[in-house]
Amino acid sequence: MNAKKYYGGCLCGNVRFEITGDIKNIVFCHCSQCRKAQGSAFATNGNIDKNDFTFTAGEDQLTAYKDGSLTKYFCQQCGSPIISKNTAKPNTVRVRLGAIESSITERPEAHIFATSKADWEEITDDLPQYESYEPTR
Ligand SMILES: [Zn+2]
Ligand SMILES: [Zn+2]
């Protein structure tokens with residue numbers, strides 16, 4: 001049993017979740033879809049083992065946007081993006097890092113779809129930048 005426990009939730013508080021494992025493969029995604037979905041320059045997402053992610057409140061308050069194999073889940077009251085699931089990776093939940101309230105020990109590893117970034121954004125850190133997905137995916 002992994003002792004690590006992170007908590008998070010949506011802006012209005014209706015949706016709550018906890019994480020009992022590691023957050024893996026954290027990346028900043030600058031693709032145009034992530035920018036629209038977040039209303040910002042990029043999305044920051046990480047992978048969690050399906051068994052390490054639990055909704056503790058408000059799972060029925062989620063609504064979803066399905067696009068091919070990908071489904072993005074967000075709070076129907078406040079619109080906060082929470083997770084996405086990919087039918088091609090059924091054992092993985094992809095969490096939106098901004099929804100996590102705990103201090104986390106993992107750190108972002110890369111910028112992906114860096115060449116799709118908004119022209120008003122400047123990437124100023126030294127993390128590797130990839131034109132598409134990170135090569136380890
Ligand atoms: Zn909410
Ligand atoms: Zn993206």
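In listed order, ligands and their atoms are each counted from 1. All residue numbers in this chain count up from 1 along the given sequence. Just the heavy atoms: all of them, side chains too, but no hydrogens, waters or symmetry mates, feed the values below.
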Heavy-atom pair with the smallest gap, counting every atom of [X] and [Y]:
X   : Y    : value
C75 : L62  : N-CD2, 4.2 Å
I23 : E106 : N-OE2, 2.9 Å
H30 : E121 : ND1-OE1, 2.9 Å
V93 : K85  : CG2-CE, 4.4 Å

Donor-acceptor pair between S84 and Y65 side chains, under 3.5 angstrom: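 Side-chain D/A pair, S84 to Y65: absent.
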Look at the side chain of K66 and the backbone N and O of G68, then say whether any donor-acceptor pair between them is shorter than 3.5 Å. yes
Apex the Zn ion (ligand 2); atoms C31 SG and C34 SG; angle rounded to 10 degrees: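 Value returned, to the nearest 10°, is 110°.
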Has H30 got an N, O or S atom lying less than 2.8 Å from the Zn ion (ligand 2)?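 Here the distance criterion (N, O or S atom, under 2.8 Å) is not met by H30, so no.
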Taking the ring centre of each residue, are Y130 and F113 less than 6.0 Å apart? no
Under 2.8 Å from the Zn ion (ligand 1), the protein N, O or S atoms, given as residue and atom: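 Within the sphere that stays under 2.8 Å of the Zn ion (ligand 1), the protein atoms of type N, O or S are C10 SG, C12 SG, C75 SG, C78 SG.
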